[in-house]
Structures are given as C-alpha cells and as structure tokens.
Protein chains: 2
Amino acid sequence: MHTLTPSLPQIAALIGEPARASMLTALMAGKALTATELALEADISSQTASSHLAKLLNAGLLQVLKQGRHKYFRLHSAEVAALLESLLNLSVSLTPLNVSTGPQDPALRFARVCYDHLAGELGVRLYAGLLTEGLITEQDTQASLTEKGVRFFEGKGCDVERLRRSKRPLCRACLDWSERRHHLAGSLGYWLLQDVMSKGWVTRQPDSRALLFSPSGKRALCKHYPLQTRAC
Amino acid sequence: MHTLTPSLPQIAALIGEPARASMLTALMAGKALTATELALEADISSQTASSHLAKLLNAGLLQVLKQGRHKYFRLHSAEVAALLESLLNLSVSLTPLNVSTGPQDPALRFARVCYDHLAGELGVRLYAGLLTEGLITEQDTQASLTEKGVRFFEGKGCDVERLRRSKRPLCRACLDWSERRHHLAGSLGYWLLQDVMSKGWVTRQPDSRALLFSPSGKRALCKHYPLQTRAC
DNA sequence: CTGATGCTTCGACGGCCATCGAACTATGCA
DNA sequence: TGCATAGTTCGATGGCCGTCGAAGCATCAG
C-alpha cells in the first residue's frame, strides 16, 4: 500500500539505485519474478533485496502476488514500463555510436523479449518489413496500422478491434536497445509475440529475455510475416 | 561534452536529486534559463547549482549556450522532455485522488505552458472539444488527427504536412498535471500555442509557466477553437 | 585600472542510505 | 513434528554525495 505520494524526484531516485534498476529492467521482460530471483539478478543479498522491493512496492512501481512461501513481483502498470522504456531509450540515444551497444550475448541480440513484445534483430527486421509492405505507417514514435494492415492481421486471426479497445496503444514504435532501430510495441506487438509463441515457432529461454527460434520456426516466421532482408 | 556514457540508473539518479529535478522541471517550460535563475528555482547556492549543472551537462541531459558572462541552459532534446513528462505523469497517476493536485496558483491551474504546448484547464477543455467535434481521435496516449481535423487546422493556416514530417509526433495526448485529463501535445500542440500567442490572445507571464489570457483573447479562442464547456 | 557580477573550483562537513550479519517468522515437505 | 527454504526486521558500518564558505577566473561597465 502506498503510504506517501511519491514525487517526481523520489520516483527517479528509486530507479537511480543500480540494484533497483537491475530488478526493474529484469521485470521489463514481463514475467513475474520472486524476491530471490531478483536478488540474484541484482547481485545483492536477500536482505538488501527485501528492503529495495519494499520501497518499490511502497512507491507503487511494483505489484506483488503471494503464492505459498513465494512472492512474485512484477511491474505495476504499463505506465511504469513506458517510463523505464523511455529511460532506456534515452540512455541508448546518449551513448556515442562508436561503442558497441546492448547485450553481448548473440542470442539476446538476435531475438529477445522487450517487456512483452519481440525485440532484437528479428524484431527490427519485422518492423521494417511491415513498413515497406505498407501495413503500418510511422511518424516518429507513433505508428499506425493501415487499412491493408488491419486486413493482414485479421487474416492471421487477430481481433484488431478488441486490441484497439484495450487501454494500451495499438501500435508503438519502440527503439531497439541493440539495433538502434524501431521494433513493434503496443498491444499489437504483444499479440504478435503471443501468436508466434503459441504456434511453437519460438520458445523462451529460461531465466533470460532471449527467445529461441527453431529452424522450422524461423522459416515459418519468414513465410507468414514480411521480414526485411538482413542486407538493408 | 560527454565523458562517460550514462547508463539507465545514472540518468535516473541525476533526476532523482530534488534540486536537479527542480531545475529540469523548470526547464520543461521550454525557455532557456541562466545558472542563477536555476539556482533560485531550486533554492540552492550558486556553487551547488554549478556542480549540478555540470553533471547534467556531462550526462547530455542539458544544452548550454554562452552569451557574454551568462550561460543559458535548456533541455538537450525532446527525448529528455518526454522522459520528464512520463515521470511527471507517473507521479501524478500514483498520487491518490483525495489530495489536491498540481499547483495552487489559480493562474497556473487555468492556463500554463507544458514544455512547449498549452496546459491547464484551458488546454484540457480544448483537447476535449477537439475530441467531441471529431477533429482528433484518441486511443490511450495516442491521438491522431482525423481528415476533418486536417481540414480544420489547415483552414487556420497550419501546414499539417510539414508538421508531420518533423521528428516529433504530430499529436500526443499529454496527461495534465492539475486536471488529470489529457491535453494536446506533439508538434500540433506546439503549433497551436505558437498560433494563439502570435495572434496576441495570450501572453506569457515573466518568470513563470503561467499564460495570461486577455478577455478579448479568451473570447477569440472560444470562437475559433471548439472549447468544451466547463460543466463537463 | 577598479569595482561588480556570473560562474567555477577546492575543501571540509554532515547526512542519508545501501549493505550485510544475525536473529526471526512463515510456509512447505517428509 | 522437525528440517529446509523464502522472506523479513534490526542494528552497525561505511561510503557516497549534496551542501556551502572561501577563493579564484572571466566578463562587462565606467
């Protein structure tokens, strides 16, 4: 429960502590994690983690779900995720271009989860393909589904109208951490990731944001979605 | 110049210090301010302010412009402003509804500048009016100009296509600090404020984010733009 | 040159808070 | 019932950093 109404600098200070920032970015993957998992993620003791998590809860940045002797934490709302995302984007945009960006792990660079949608090289190529096929249009960080795009996704079994009625924006362009180009976020980005996961084309690597594509899954993705070729 | 590439928690920690947060939010008004003005704003000595400003500059959050013996600071980019805005929005949305929100000054509550667009009661009523007239549509924080809206604004002398080509999004719904309802942001929001200011309907109060509408200016605004009535 | 103003650097002080050991409670398993 | 594990509370320690006084540059006015 929130005891004090957190002000802007208080929220920023909470995120400004490296251990807490580690936990929060770990939760960007969208999965709920336990206190010990988060302690490992941040490389701190469980006591310290407990104190941090209490503060984040108290400020309303996290939700908690008790299950037996475990406590599962997740981000409180999409607004919190959006804040973390804009922080991440800013830190990326402030980083000089000559240093290598993002994670080193090739699997992470290739395909990973960003909060709840597809990121990495594959996410960027998919977004670019949707754009060149005229299925979405872009104006800065604001993307919209075209008429053609609506027909395309409904042909894949997506209830676009239902997504549109949800609280989150339908399409958003999210700046990719490692690629520095946009990938698809928003409720449609969420639906898309769910779709390719439900079809078994991809599986989540345990304890990581990385996504593992089977060879056949990768072929299927290329066939059913317009991926831009690597070259460009 | 940026010596180190600031990471996410570093950026957050910079904003998390109350004095620095004061300076940054003061700069949200869009005007460039001198070091002493910012020191006054944050209620700290000039030495301390100098140290804070050096850190913000070094992290790439601010730009500086030397003019004689003065230094004018402003936010480095629209991305920084967007980050501050999402922080502000989150702190508003986390604040319980039973406490009075936003500034006490009635002039500030009525009309003020939010970075570079119109906020306050008038901004909220204008946004609602645009919505009910079908000039814009809204899906969560994503607003778009309708065909009718394009014709409306072009009739007012706005080059919508040019705005669309700018780096910023054309329309954005920005959660109003005092009113807790949306007002119009994005490049169109910027154009609109410039328009009403160039027409002399409103003037900026010196050293404040408040906007002063003359009686005739207010009438003109009501006549030329669809303001929602106070009641709703 | 002289004085005034804007801003910076240096150094010392002080407070806040992240950290972890130790001890404790709560849940699950056999 | 007893042991193991998850999580919390308390207290002591230590480090980081915001703060301002004093002194030092730079710029401008005369």
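Scope of the values below: all heavy atoms of this structure, side chains included, with no hydrogens, waters or symmetry mates. Within every chain, numbering begins at 1; the chains are lettered A, B, ... in the order of the sequence lines, protein sequences first and strands thereafter.
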Which parts of nucleotides 24-30 of chain D does protein reach within less than 4.0 Å, heavy atoms only, written one letter per nucleotide 5' to 3' as B for base, S for sugar-phosphate only and - for none? ---BS--
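Terminal axes of the helix from dC1(C)-dG30(D) to dA30(C)-dT1(D) (five pairs each, C1' rotation axis) are separated by 30°, to the nearest 10°.
Under a 4.0 Å N-O distance rule, the pair E37(A)/K71(A) does not qualify as a salt bridge. Classification of R172(B) and E85(B) as a salt-bridged pair holds, one side-chain N sitting under 4.0 Å from a carboxylate O.
Remark: P of dT8(C) and CG of N58(B) are 13 Å apart, rounded to the nearest angstrom. L53(B) has its CG atom 15 Å from the C1' atom of dT9(C), to the nearest Å. Residue I44(A) contributes atom CD1, which lies 13 Å from atom C1' of dG7(D) at whole-angstrom precision. If you take CD of E37(B) and C1' of dT5(C), they are 14 Å apart, rounded to a whole angstrom. Taking atom CZ on F73(A) and atom P on dG7(D), their separation rounds to 7 Å, with Å as the unit. Between the C1' atom of dG7(D) and the CG atom of L65(A) lies a distance of 15 Å, rounded to the nearest Å. Atom CG of L56(A) is separated from atom C1' of dC17(C) by 14 Å (rounded to the nearest Å). For L57(A) and dT8(D), the CG to C1' distance is 13 Å, given to the nearest whole Å.
At a threshold of 4.0 angstrom between heavy atoms, the contacts of K55(B) are confined to the sugar-phosphate backbone, with no base atom among them.
OP1 or OP2 of dC7(C) sits under 4.0 Å from a side-chain N or O of T36(B). OP1 or OP2 of dC20(C) sits under 4.0 Å from a side-chain N or O of T48(A). OP1 or OP2 of dT19(D) lies within a sub-4.0 Å distance of a side-chain N or O belonging to H52(B). At the phosphate of dA26(C), neither OP1 nor OP2 sits under 4.0 Å from any side-chain N or O atom of K66(A).
For T34(A), taking side-chain heavy atoms from C-beta onward, the closest of the listed nucleotides dC7(C), dC20(C), dG7(D) is dG7(D). Closest contact between the side chain of K71(B) and the listed nucleotides dG7(D), dT8(C), dG18(D) involves dT8(C). Checking dT8(C), dA18(C), dA6(D) against every side-chain atom of S46(B), the shortest atom distance belongs to dT8(C). Comparing dC20(D), dT8(C), dT19(C) by their nearest atom to the side chain of S50(B) picks out dT8(C).
Under the 4.5 Å side-chain criterion, counting only non-hydrogen atoms from C-beta, L118(A) is not in contact with V113(A). Side-chain contact check for L184(A) versus L188(A): some heavy-atom pair is nearer than 4.5 Å.
The two residues L8(A) and L84(B) have their closest heavy-atom pair at CD1-O, 4.0 Å.
Remark: the backbone N or O of S46(A) is not paired with any side-chain donor or acceptor of S50(A) at under 3.5 angstrom.
Residues satisfying the side-chain contact (heavy atoms from CB on, under 4.5 Å) criterion with S198(A), sequence neighbours excluded, are D195(A).
In terms of polar N and O atoms assigned as donor or acceptor, the side chain of Q47(A) never comes within less than 3.5 Å of the base of dG7(D) in a complementary pairing.
Between W191(A) and H117(A), the gap from one ring centroid to the other reaches at least 6.0 Å.
Because its NZ or CZ atom is both nearer than 6.0 Å to the ring centre of Y225(A) and within 45° of the ring axis, K156(A) counts as a cation-pi partner of that residue.
Side-chain atoms of T48(A) and S45(A) include a donor-acceptor pair closer than 3.5 Å.
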